[in-house]
A.B. asks: 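Before anything else, here's the structure in question.
This structure is a prediction, so every number in the text was calculated from the model and none was measured. Every chain is numbered from 1 and lettered A, B, ... according to where its sequence line falls, protein lines coming before strand lines.
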Amino acid sequence: MPKIQVNNLSKIYGSSPEKAIEMMENGYSNDAIRKQTKNVVGIKNVSFSIEEGENFVIMGLSGSGKSTLLRCMNGLNKPTKGTIIIDGQDISSVSKQELREIRRTKMSMVFQRFALLPHRNVRDNVAYGLEVQGMTWELRKEKAMQSLELVGLEAWSEYYPENLSGGMQQRVGIARALATDPDILLMDEPFSALDPLIRQEMQDELIELQKKLRKTILFITHDLDEALKIGDRIAIMKDGEISQMGSPEDILMSPATDYVARFVESVDRSKALTASSVMIKPRSVIYPKDGPMVALRIMERYGMSGLFVTDRDGAYIGYILAEDASKMAKQGERLLDPGIRKEAPVVAPDTPLAEILEVMAYTRIPIAVVDEQQKLKGVLVRGSVIAGLAGERREHDGFTA
Amino acid sequence: MDLLPRIPINRWTDIGIEYLQIKWGGGFDSLSEFLKGFIISLQDLLIFIPPALMILILALLAWRFINKKAALFGIIGLYLIYNVGLWGATMQTLAMVISSVVLCIILGIPLGILAAKSDTAHQIITPILDFMQTLPAFVYLLPAVTFFGLGVVPAAIATLIFAMPPVIRLTDLGIKQVPEELVELGHSFGSTFHQMLFKIELPLARPTIMAGINQCIMLSLSMVVISAMIGAKGLGGEVWRAIQRMEIGNGFEAGLAIVVIAILLDRITQSFGKNED
Ligand SMILES: Nc1ncnc2c1ncn2[C@@H]1O[C@H](COP(=O)(O)OP(=O)(O)OP(=O)(O)O)[C@@H](O)[C@H]1O
Ligand SMILES: [Mg+2]
């Protein structure tokens, strides 16, 4: 069962939502609805589900309905139509008390402009949610400090928000959200108000934290780079609708609409794409028990200047160059082993393209992509990497070094 | 012009007041007794404290909350009041001002909260406040006397009517000015109405509310001479007597004492509005 299941959710702002919904269902545009009924369509028939522990990112331009959608999750906005099922419970039909309890324990929110209380010091800001729960002073102080440690700000607990930089303030915001130990984090453009460098730092920190905590995160951004970095899955919104949903690779490699494609054009692919998205299948491999003659024959057949060597289970061993193989053949060697270059470069499937380009600059051997079990998953050759940077996907390529 | 007969607002008002008096007279009497008891006790307490000690306390307050200069001003000003023999009158005035201001706060802040939280309440309260503030004070001195007799109680009530509007208005405004995001923060963590009010809205509205209380104190002080006309004593009484006897010098002294008290109270309450460090 998914953690969060959203079905046909719509939100109309205004005084006559029934009329607007009816027009919406009859296919009128948002503009037409606004002109005729004075109502604004916030989101329009949105459905998706989020698994436990997933980082789900919603992105889109200003006014596309991202905040509206997020705020429906904790009832800050009341949906006009549709359901939101969290852990099997429909959020849009619970009582006030139940909703309050859900907000206290199940989910917390991180705000774009931090939303720290200026009259409270950092510790008491972090303890806010615990205080609202009615926890004793000693206990909530202790928990707040633990939460501050997670974001590395325990030394700042007595300071007031105004004494902290933006990045630190948002760390306090995150500590506050984590203090109540919720399952779900709702983050509405949490890093948009920060300088680019700080923003990247915070993204990295969030990713690290998430490795430890495994929360279900709903993260909003209007920055595709950020979406690609943080999201396990990304939903792209336009005019209140989801225009594409998928993994970062899906979105980059096959944008479903012009709207998405325009976003994608602006992205720095070298940071967003990983080895696994641009690698190709090795045409052929060779096993160590095969001799140099076999290796030479395969290379000749495919017109390649070298071959990857794996064992029978596909575990990566090294690379053999044509010139080495022919030298060994002349010397009458029967086994490949002495000629295998074991120091050849390898990368993990999730290595970003930016790092691959650096490795590639120093070697003329194709780069092996090897997973945690040492299995050879694919190879990176210049052609496929450049194609990836240019936005094309190639399944097979000329395998020349 | 005389299409309509004269509309007898004056008669209606008289009848209304008379009705209230007959119907609620007992209530007004006990309220009056209670208020009188409160103001007189406070007055007795203030007079009981030796002037030297009182000056010291006020100077220390000024030093703690404002600065040395204000403390020095307090010592000189208050000593001057003592020196010219207006100490007792000043304490009487202080007691009445404090009583009215406390009443204004007790009534005004909840009304302000109500106005901030409910649009209906806001729409009802606002015109009443406009009315209270623009109606000349002399006009409601009379009904105050009708209900509460002569003396310090009707004076306190008249002061209340005149000085409470800023407390209500600025409480209302202060709460409405709380940034939307902070209100949402409160909701997103599941705050109750109470928690929202006491942990977020009132603390954030404090500077604005304090500005309202400051205005309330100043307006109360501006009422002391008018109050004297219905029998309240104190500095206002001194001024009023001086006016009647054409004693310009005595009048000036009493006026000066009011100014000293006003400046001190103004500075001290203003400093409460700022964030403590
Ligand atoms: N309280 C409201 N009343 C009326 N219309 C609203 C309200 N809140 C949002 N809207 C409208 O709903 C639409 C979606 O707004 P929303 O705030 O969800 O967009 P967003 O994607 O979060 O944009 P941004 O990136 O600027 O935060 C917009 O057209 C907006 O004007
Ligand atoms: Mg938004």
Side-chain angles (χ1 to χ4, degrees), chain A residues 67 70-78 94 96-121 124-135 140 160-163 172-173 176-180 182 184-190 193, chain B residues 64-65 105 109 112-114 116-120 122-123 167 170-214 268-277:
Chain A
S67 300
L70 179 116
R71 293 150 51 87
C72 286
M73 298 294 145
N74 65 355
L76 283 180
N77 280 345
K78 190 136 187 55
V94 296
K96 252 186 157 172
Q97 281 78 3
E98 283 172 303
L99 180 62
R100 197 179 296 144
E101 203 45 42
I102 289 168
R103 286 169 171 177
R104 286 182 178 183
T105 55
K106 189 161 278 186
M107 47 180 127
S108 6
M109 197 161 167
V110 177
F111 295 79
Q112 180 172 2
R113 313 214 61 89
F114 325 136
L116 300 182
L117 296 169
H119 59 283
R120 288 174 169 237
N121 66 21
D124 294 347
N125 262 290
V126 173
Y128 184 81
L130 304 169
E131 196 177 322
V132 164
Q133 290 178 355
M135 191 177 281
R140 67 179 192 245
Y160 280 82
E162 59 183 10
N163 303 121
V172 176
R176 175 176 60 190
L178 292 174
T180 55
I184 301 169
L185 287 183
L186 304 172
M187 310 181 87
D188 192 349
E189 303 201 24
Chain B
R64 165 74 182 79
F65 289 108
I105 291 171
I109 290 183
I113 293 170
L114 191 67
K117 291 286 178 181
S118 145
D119 281 343
T120 324
H122 180 83
Q123 274 156 20
V167 178
L170 287 165
T171 302
D172 179 9
L173 180 72
I175 289 176
K176 284 196 179 127
Q177 272 177 348
V178 172
E180 185 59 27
E181 207 177 35
L182 295 182
V183 175
E184 279 183 359
L185 155 80
H187 286 308
S188 77
F189 278 99
S191 311
T192 58
F193 179 86
H194 248 133
Q195 289 171 330
M196 192 75 152
L197 195 61
F198 288 103
K199 293 181 197 297
I200 295 182
E201 287 167 331
L202 287 179
L204 286 166
R206 197 192 57 172
T208 315
I209 296 175
M210 282 313 298
I213 292 175
N214 177 272
I268 291 174
T269 50
Q270 261 183 24
S271 73
F272 286 169
K274 305 205 180 85
N275 283 324
E276 60 245 38
D277 26 359

A.B. asks: Any donor-acceptor pair under 3.5 Å linking the side-chain atoms of B/K199 with those of A/H119?
C.D. replies: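 Short answer, no.
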A.B. asks: What residue, out of A/E131, A/R104, A/M107, has the most heavy-atom pairs lying under 4.5 Å from chain B?
C.D. replies: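 The option with the most such pairs is A/R104.
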A.B. asks: Taking 4.0 angstrom as the limit, do B/E184 and A/R71 come out as a salt bridge?
C.D. replies: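 A salt bridge is present here (some side-chain N lies under 4.0 Å from a carboxylate O).
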A.B. asks: Charged N to carboxylate O below 4.0 Å: is that the case for B/R206 and B/E201?
C.D. replies: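 Looking at B/E201 together with B/R206, the answer is no, because their closest N to O distance does not fall below 4.0 Å.
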A.B. asks: Is chain B contacted by the side chain of A/E101, its backbone, both, or neither, given a heavy-atom distance below 4.5 Å?
C.D. replies: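 Neither part.
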A.B. asks: Please look at A/L116 and chain B and tell me whether the side chain, the backbone, both or neither of the residue comes under 4.5 angstrom of a heavy atom of that chain.
C.D. replies: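 The backbone, not the side chain.
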A.B. asks: Quick check on A/Y160 against chain B: is it the side chain, the backbone, both or neither that has a heavy atom closer than 4.5 Å?
C.D. replies: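 Contact with chain B is absent: no heavy atom of A/Y160 under 4.5 Å.
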A.B. asks: State whether a side-chain donor-acceptor pair under 3.5 Å links A/S67 with A/D188.
C.D. replies: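 On atom types as modelled, these side chains qualify, holding a pair under 3.5 Å.
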A.B. asks: Non-hydrogen atoms of chain B under 4.5 Å away: do they reach the side chain of A/R176, the backbone, both or neither?
C.D. replies: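 When you check distances to chain B, atoms from both the backbone and side chain of A/R176 fall under 4.5 Å.
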A.B. asks: Using a 6.0 Å cut-off, check whether atom CZ of A/R113 has over 12 heavy atoms from anything other than its own residue.
C.D. replies: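 For A/R113, atom CZ is not crowded (no more than 12 foreign heavy atoms under 6.0 Å).
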